[in-house]
Amino acid sequence: MSSSLAALSSSHFNGAYSLWKIQEELKVSKVGKFRIRATSMATSSPAQGLQLGEGKANKLDKLRIGVLGASGYTGTEIIRLLANHPHFQITLMTADRKAGQSIESVFPHLVTQDLPSLVAVKDADFSVVDAIFCCLPHGTTQEIIKSLPKNQKIVDLSADFRLRDIAEYEEWYGQPHKATTLQQEAVYDLTEISRREIQSARLVANPGCYPTSVQLPLIPLIKSNLIEVRNIIIDSKSGVSGAGRAAKEANLFTEIAEGIRSYGITRHRHVPEIEQGLSEAANSKVTVSFTPHLMPMSRGMQSTIYVEMAPGVTTQDLKDHLVNYYEHEKFVVLLKNSDIFVV
Ligand SMILES: NC(=O)C1=CN([C@@H]2O[C@H](COP(=O)(O)OP(=O)(O)OC[C@H]3O[C@@H](n4cnc5c(N)ncnc54)[C@H](OP(=O)(O)O)[C@@H]3O)[C@@H](O)[C@H]2O)C=CC1
Ligand SMILES: CC(=O)N[C@@H](CCC(=O)OP(=O)(O)O)C(=O)O
C-alpha cells in the first residue's frame with residue numbers, strides 16, 4: 001500500500017488578489033520517501049464580481065458605483081481598483097465615524113483621485129448609483145442592504161449572506177439573521193467558479209479571505225476527482241489588515257509584532273463557509289481541519305493545504321489540471337518558478 005499527499009500553497013493580498021501554488025508532494029511508499037516540487041500562483045479580485053450582462057454594460061459609458069464602508073480596508077481596496085477603471089465611476093462613498101470627511105483625510109494615497117466626500121448611510125443618495133459594493137461589518141450589513149433600492153446590483157464583501165443555511169449562520173455568527181428573504185436570493189461564490197450565476201445575480205455574496213485561498217485550488221481538484229475529500233488540512237496565515245481597520249487591543253503593534261498567533265482553532269467562522277463550498281463541489285459532505293494564524297505583516301495571506309491524492313494521481317496531474325482550469329482567467333496566474341513564493 002502507498003499513500004500520496006500533496007501540499008498546496010495558496011495566498012492572496014487581502015480582498016484583492018490571491019496566489020497559490022502546489023508546493024510539494026511527499027510520497028510515502030514501501031520503497032521509501034521522495035519529494036517532487038511544482039509551483040503555481042493565482043490572483044483574484046473582488047471587482048470581478050461586478051459584471052453586468054453584456055447588453056447593459058454596452059449601453060453605459062461608465063457604471064456609477066457606490067462604496068458603503070469606503071473608509072475601511074476593503075472599501076479602500078475597491079476604490080483603488082475602480083478609481084482609474086475605464087468602465088466605472090465612484091459616485092457615492094459612505095462611512096460611519098468618518099462621515100463628513102474627505103477620503104484623502106482618511107487614506108492620503110487617494111488624494112490624486114476625484115472622489116466624492118464620505119457621507120453617513122442615512123444621508124446617502126442612492127439615485128446616483130447603478131451598483132453597490134458593500135464593505136460593512138457583518139451584522140450591520142443585513143439591515144443596511146435590506147433598506148437599499150431593489151433595482152441595484154450589490155456585491156457584499158461581508159459574511160452576512162455567505163452561508164446558505166440560516167441556522168448555520170446563527171450558530172457560527174452568534175446572532176439572528178435579519179434578512180432571511182434576501183439570503184435566499186443571494187448568490188455566493190467565486191467568479192472563477194460561478195461566473196454566469198454571479199453575472200445575473202442581484203445580490204452577490206463575496207467569499208471570505210480564507211475560503212477564497214482554499215476554494216480556488218481545491219474546488220477544481222475536487223470536481224475532477226483528483227483528490228480525496230477526506231483528511232483535508234488547511235494551515236492559513238493572514239496579515240493583520242484582515243481584521244479590519246477599527247482599533248482592537250489584540251491587533252496593536254506590540255501584540256502582533258515578531259510573533260505568530262493561532263486563533264479560532266476548530267471553531268473559526270470560515271469553517272462552515274469552506275465546508276459549504278467544498279461539499280457542493282464534491283456533492284457530498286466534506287469536513288476540514290482549519291487553523292488560521294495571525295502574522296506580523298500588514299496584508300497578504302498564505303494557505304498551505306494538505307490533501308490526499310486519488311489513487312494513481314500525481315502532483316503533476318494536479319498542476320496540469322489547475323493550469324487548464326484557470327487558463328483563461330485574468331486574475332488567476334500560476335507560478336512557474338516554485339522557488340519564488342513570497343507574500
Ligand atoms: N479586511 C479584510 O481583509 C476583509 C474583510 N472582509 C469583510 O468586509 C467587511 C468590511 O471589512 P473591513 O473593510 O476590513 O472593515 P473596516 O473595519 O476596515 O471598515 C468598516 C467600514 O464600515 C463602516 N462602518 C462600521 N460600522 C458601521 C455602521 N454601523 N454603519 C455604517 N457603516 C459602518 C466603517 O466606517 P468608519 O471607519 O467611518 O467608522 C468603515 O468604513 C467585513 O464584513 C469583513 O468581514 C472581507 C474580505 C477581506
Ligand atoms: C486576521 C483576521 O482577523 N481575519 C478575519 C477574517 C477576515 C476576512 O477577510 O474574512 P471575512 O471577509 O469573513 O471578514 C478573521 O479571522 O475573522
Side-chain angles (χ1 to χ4, degrees), residues 11-18 44-47 49 66-80 92-103 105-107 117-124 132-145 147-148 155-163 169 172-174 178 188 190 204-215 236-248 250-251 255-256 260-265 267-274 290-303:
S11 26
H12 69 126
F13 299 108
N14 295 340
Y17 303 100
S18 307
S44 124
S45 157
V67 181
L68 309 189
S71 53
Y73 282 150
T74 53
T76 189
E77 281 302 301
I78 295 294
I79 295 168
R80 186 179 66 79
L92 171 71
M93 302 196 308
T94 77
D96 188 33
R97 294 162 306 156
K98 306 212 171 65
Q101 297 187 28
S102 65
I103 192 70
S105 68
V106 180
F107 292 115
S117 291
L118 297 162
V119 296
V121 175
K122 67 176 176 43
D123 299 326
I132 293 165
F133 281 95
C134 192
C135 309
L136 302 169
H138 45 257
T140 310
T141 303
Q142 290 160 359
E143 299 260 45
I144 290 177
I145 289 188
S147 65
L148 294 177
V155 178
D156 179 26
L157 276 73
S158 87
D160 271 3
F161 295 97
R162 292 181 194 155
L163 296 179
Y169 174 87
W172 286 85
Y173 286 84
K178 299 173 201 126
Y188 165 89
L190 291 158
V204 178
N206 208 51
C209 51
Y210 292 119
T212 296
S213 74
V214 173
Q215 293 181 105
S236 295
K237 299 172 180 71
S238 171
V240 186
S241 63
R245 202 180 197 209
K248 294 179 197 90
N251 298 339
E255 305 292 323
I256 53 104
I260 299 173
R261 186 191 310 148
S262 52
Y263 66 103
I265 301 164
R267 56 182 170 75
H268 191 277
R269 62 192 174 82
H270 284 174
V271 168
E273 190 184 327
I274 293 169
F290 168 62
T291 307
H293 300 80
L294 195 60
M295 304 301 285
M297 54 191 197
S298 56
R299 57 188 291 160
M301 170 165 289
Q302 176 160 330
S303 293

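Reckoned from all heavy atoms, side chains included, excluding hydrogens, waters and symmetry mates. Residue indices begin at 1 and follow the sequence shown. First listed ligand is number 1; within each ligand, the first listed atom is number 1.
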Can you check whether Cys209 has an N/O within less than 3.5 Å of an N/O in ligand 1? no
List ligand 1 atoms under 4.0 Å from Ala246, heavy atoms only on the residue side. 17 (O)
Cys135 heavy atom under 4.0 Å from ligand 1: yes
Are the side chain of His293 and the backbone of Arg261 linked by a donor-acceptor contact shorter than 3.5 Å? no
Atom pair CD1/SG of Ile144 and Cys134 - distance to nearest 0.5 Å: 6.5 Å
Close N or O approach (Val121, ligand 1; < 3.5 Å): no
Ile144-ligand 1 polar pair, N/O distance under 3.5 Å: no
Among Thr74, Leu68, Thr76, closest by heavy atom to atom 13 (O) of ligand 1 is Thr74
Are Tyr188 and Pro211 packed together at the side-chain level, in the sense that at least one heavy-atom pair is separated by less than 4.5 angstrom? yes
Is the ring pair Tyr210/Phe290 parallel, tilted or perpendicular, if the boundaries are 30 and 60 degrees? perpendicular
Test item: Thr94 side-chain N/O and Gly69 main-chain N/O as donor-acceptor pair under 3.5 Å: yes
Show which atoms of ligand 1 fall inside a sub-4.0 Å distance from at least one heavy-atom site of Gly242. 1 (N), 2 (C), 3 (O)
Start with the C-alpha distance between Glu143 and Val121, add both sets of side-chain angles, then the distance that settles side chain to side chain contact (heavy atoms under 4.5 Å, CB included), and finish with yes or no. CA-CA 11 Å; Glu143 299 260 45; Val121 175; over 6 Å; no
Can you name the atoms of ligand 1, numbered from 1 with element, that are less than 4.0 Å from a heavy atom of Ser71? 34 (C), 35 (O), 36 (P), 37 (O), 38 (O), 40 (C), 41 (O)
Can you check whether Lys98 has an N/O within less than 3.5 Å of an N/O in ligand 1? yes
Short question: side chain of Thr76, backbone of Tyr73 - any donor-acceptor pair under 3.5 Å? no
Atoms of ligand 1 close to Ser158 [distance to a heavy atom under 4.0 angstrom, numbered from 1]: 43 (O)
State the atoms of ligand 1, each with its element, that fall below the 4.0 Å cut-off from a heavy-atom position in His138. 43 (O), 45 (O)
Just wondering, do Phe107 and Ile79 contact through their side chains at under 4.5 Å, heavy atoms? no
Near Arg245 (heavy-atom distance under 4.0 Å), the atoms of ligand 1 are 16 (P), 17 (O), 18 (O)
Option set Ile78, Val67, Leu136, criterion heavy-atom distance to atom 23 (C) of ligand 1, minimum: Leu136
Under 4.0 Å from ligand 1, counting heavy atoms only, is it the side chain of Ser241, its backbone, both or neither? backbone
Name the one of Gln142, Arg269, Glu273 that satisfies side chain to side chain donor-acceptor pair (under 3.5 Å) with Tyr169? Gln142
Does Asp96, backbone or side chain, put an N or O under 3.5 Å from an N or O of ligand 1? yes
Side chain to side chain contact (heavy atoms under 4.5 Å, CB included) assessment of Arg162 paired with His270: CA-CA 10 Å; Arg162 292 181 194 155; His270 284 174; 3.6 Å; yes
Are His138 and Tyr173, when compared by the centres of their aromatic rings, separated by less than 6.0 Å? yes
Step by step, would you call Leu148 with Leu68 a side chain to side chain contact (heavy atoms under 4.5 Å, CB included)? CA-CA 11 Å; Leu148 294 177; Leu68 309 189; 4.2 Å; yes
Taking side chain as C-beta onward, heavy atoms only, is Leu136 less than 4.5 Å from Asp160? no
Side chains of Arg245 and Lys98 in contact at under 4.5 Å (non-hydrogen atoms): yes
Which protein N or O atoms sit under 3.5 Å from any N or O of ligand 2? Give atom names and distances.
from	atom 1	to	atom 2	distance (Å)
ligand 2	4 (N)	Gly242	O	3.4
ligand 2	4 (N)	Tyr263	OH	3.4
ligand 2	10 (O)	His270	NE2	3.3
ligand 2	12 (O)	Arg162	NH2	2.7
ligand 2	13 (O)	Arg162	NH1	2.7
ligand 2	13 (O)	Arg269	NH1	2.8
ligand 2	13 (O)	Arg269	NH2	3.2
ligand 2	13 (O)	His270	NE2	2.6
ligand 2	14 (O)	Arg269	NH2	3.0
ligand 2	16 (O)	Tyr263	OH	2.5
ligand 2	16 (O)	His268	NE2	2.7
ligand 2	17 (O)	Arg269	NE	3.4
ligand 2	17 (O)	Arg269	NH2	3.0

Is Thr140 touching ligand 1 with its side chain, its backbone, both, or neither, if touching means heavy atoms under 4.0 Å apart? side chain
